[in-house]
Amino acid sequence: MSSAGNGGYDFSQLFHASHLSYSPGSTFLATVHLNKIIIRSSSTLSIVRIFQCLLPPESSSKVQPLDIAIDQLLWSSDSLYLIAYSGKVRTGWLFGLTQDGRGEGGEVARLGGEGVDGLVKVEWGKGDREILTWSDYGLHLTIHDLMTGETRQIQHPRSPNNCHTYSPDSRHLAVLERHSGKDFVGIYDTQDSYALLRHFPLGLNNAQEISWSPCGRYIAASDDSIHYLLHLYTPLGTHLVSFDASSPSFNLESASHDPALGIRCFSWAPGGRWILIAGWDGKVRVVESEGGRCVAIMAWPNRTIEAETVVWSEPRDWLRDCKGHGIVQFDRVKTPASLPFVKSDFSHFPPRSGVSHICFDTKGTYFFVRQDTQPSLLHVHSFLPSAQSSSPDIKHIAVLLFSQPIRSATWCLTRRKLAIATRSGAVFFWDGDGGWVDDDSMRDSTASESKAGMMEAVGIPTRVNFKTSDIVWSPDGTSLGILDKSSTQFCLLYEEYTGDTSSALGVETTSQRRWDGIDQLSHVMEEDEDEAVDASVLTSLAETEALWTQRRNGILA
């Protein structure tokens with residue numbers, strides 16, 4: 001038995017890191033080790049630059065340099081700058097990849113600090129050189145223009161999380177704000193110094209999230225977890241749609257249904273014609289943005305009743321049997337089948353109930369759902385027959401069952417492939433375009449079963465205690481960063497994907513530090529701070545990064 005559509009996997013050695021982040025063009029990999037920011041070539045893992053996150057000498061903080069915990073690494077869109085943020089000291093450091101800053105650790109600038117100057121969040125804006133920062137206590141959102149040195153403040157943002165959203169063309173920024181105890185949305189022009197264009201109130205009790213539709217015509221706003229209520233507005237502030245438990249199409253089977261609690265999360269389908277609303281009641285409703293009619297309701301009982309749904313189950317003790325080596329196909333379970341679950345728990349907040357995550361693939365034809373009462377399961381659905389389809393045709397095509405709770409799941413940006421981590425010594429892949437070549441099984445398969453893809457487990461060949469806690473795809477889809485945060489180490493998995501044409505750009509894709517397939521990864525590589533490329537090599541890598549970014553934008557357009 002063999003897998004079709006992929007040429008196998010290869011691993012790098014282990015390295016120290018507590019966080020990692022690929023550059024937008026996949027040429028560079030930024031990692032955190034203690035208070036150091038290490039920039040590497042993602043193909044060879046050779047060190048390109050090393051920076052340090054340090055507090056100013058006059059700081060009254062008792063935090064030692066090695067105890068500064070970096071929570072985020074954020075690349076600029078052109079990969080020339082990198083932000084490192086620490087929530088512990090509420091500070092962000094801006095580093096230039098091709099320039100030396102004047103700061104103590106090589107930073108170009110330092111943002112935040114102590115007291116009211118402390119930051120609770122930092123991110124890049126959509127402009128060429130703009131940084132957004134949120135102050136503590138919800139006082140203000142500040143836009144820093146690195147080109148001019150000017151700043152612009154937006155007062156009283158509701159929250160740094162899920163409470164701001166850009167229009168699809170990045171021309172406008174919508175911010176959820178709190179004024180005099182009421183919620184408002186402010187629309188700001190990013191090309192006119194963030195001038196205020198509109199400011200309109202929301203008809204919600206306690207707004208929690210806003211999101212601009214991919215088509216640019218709507219802004220969705222959801223209420224708190226007690227009230228099941230979602231409003232759609234135009235960017236000019238005109239109210240269009242209200243969707244709640246009293247809506248005629250809220251429940252397609254019965255006129256009476258009390259969701260008990262409100263909306264937990266929602267996600268726009270690519271194109272903006274539909275919005276998927278996930279509630280604490282464990283159901284996902286597909287609502288048309290024009291008219292607010294619910295066209296489908298999805299629920300996942302403890303048994304799968306659809307005959308066409310394929311259940312893939314992780315083989316028992318496979319890691320022990322294969323000693324961490326090799327690729328193992330998941331077992332196929334006969335349906336209908338009983339699925340493991342845990343009871344809902346409403347004794348604390350947030351309660352253990354409902355759908356916690358909805359995520360579409362790049363083309364919007366597939367999505368996966370995860371719910372809290374089934375922590376070791378992922379439900380994969382098809383949404384559109386093709387990217388050009390005018391109406392959804394939702395099918396529950398696969399259930400992915402693991403032996404441990406899921407810690408991370410993410411789609412590849414270049415194709416329909418899903419990577420999953422479960423705090424085990426392995427990483428798992430569901431490939432919607434793949435399939436196992438087996439003559440006996442193919443004779444019995446049906447057309448609907450063939451859409452269930454290929455599900456496989458890949459053991460990480462290491463003698464040290466490595467438990468996968470987080471995974472990150474490279475934007476070009478050729479490698480996967482695998483991180484064990486508890487032991488602060490990582491490795492890269494390189495995929496020999498036959499459909500890739502990276503050689504056309506002259507980009508090196510063969511690592512000089514990969515596992516050779518014979519010896520296990522026995523130890524974590526120590527860093528050599530003197531091992532850094534010279535300026536000419538760095539310039540060449542930066543040019544390669546620009547090529548990859550252009551190619552990636554072409555793929556995703």
### Task
Spell out, as yes or no, whether a donor-acceptor pair under 3.5 Å connects the side chain of Thr414 to the backbone of Pro475.
no
### Message
One thing to verify: whether Lys121 and Asp71 come together as a salt bridge, which I'm taking to mean a side-chain N less than 4.0 angstrom from a carboxylate O.
### Response
no
### Task
Determine yes or no for a side-chain-to-main-chain donor-acceptor pair under 3.5 angstrom, with Ser474 supplying the side chain and Leu480 the backbone.
no
### Derivation of the salt bridge (Lys or Arg N to Asp or Glu O under 4.0 Å) call for Asp433 and Arg415
CA-CA 8 Å; Asp433 298 320; Arg415 59 193 186 278; over 6 Å; no
### Query
For Asp484 and Ser469, which heavy atoms make the closest approach, and how far apart are they?
CA-OG, 3.7 Å
#### Entry: Euclidean distance, Gln374 CD relative to Leu339 CG, rounded to 0.5 Å
6.0 Å
### Message
Could you work out, with salt bridge (charged side-chain N to carboxylate O under 4.0 Å, His left out) as the rule, every residue matching Asp321, not counting sequence neighbours?
### Response
none
### Task
Locate the shortest heavy-atom distance separating Pro214 from Ala269; write the atom from each residue and the value.
CG-O, 3.7 Å
### Task
Would you check, one step at a time, whether the test salt bridge (Lys or Arg N to Asp or Glu O under 4.0 Å) holds for Arg129 with Asp78?
CA-CA 10 Å; Arg129 289 287 182 269; Asp78 58 6; 2.6 Å; yes
### Task
Please confirm whether the backbone N or O of Val333 pairs with a side-chain atom of Ser313, one donor and one acceptor, at under 3.5 Å?
no
### Task
Evaluate the ring planes of Phe402 and Phe330, with Trp represented by its six-membered ring, and classify them as parallel (under 30°), tilted (30 to 60°) or perpendicular (over 60°).
perpendicular
### Task
Measure the OG1-CD distance between Thr31 and Gln489 for me, rounded to the nearest 0.5 Å.
13.0 Å
### Task
Could you grab the distance from atom NZ of Lys485 to atom NE2 of His19, nearest 0.5 Å is fine?
5.0 Å
### Task
For atom NZ of Lys126, decide whether the heavy atoms of other residues, nucleotides or ligands shown that lie under 6.0 angstrom number more than 12.
no
### Short side-chain to backbone donor-acceptor contact, Ser376 and Ser403, under 3.5 Å
no
### Query
For the residue pair His379 and His381, does the interplanar ring angle fall in the parallel (under 30°), tilted (30 to 60°) or perpendicular (over 60°) class?
tilted
### Query
Where does the angle between the aromatic ring planes of Phe368 and His357 fall among parallel (under 30°), tilted (30 to 60°) and perpendicular (over 60°)?
tilted
### Query
Parallel, tilted or perpendicular: which fits the ring planes of Tyr81 and Trp124, with parallel below 30° and perpendicular above 60°?
tilted
### Task
Mind checking the CZ-CZ spacing from Arg423 to Arg407? Nearest 0.5 Å is all I need.
5.5 Å
### Message
Students often mix this up, so state it plainly: with edges at 30° and 60°, are the rings of Tyr366 and Trp430 parallel, tilted or perpendicular?
### Response
tilted
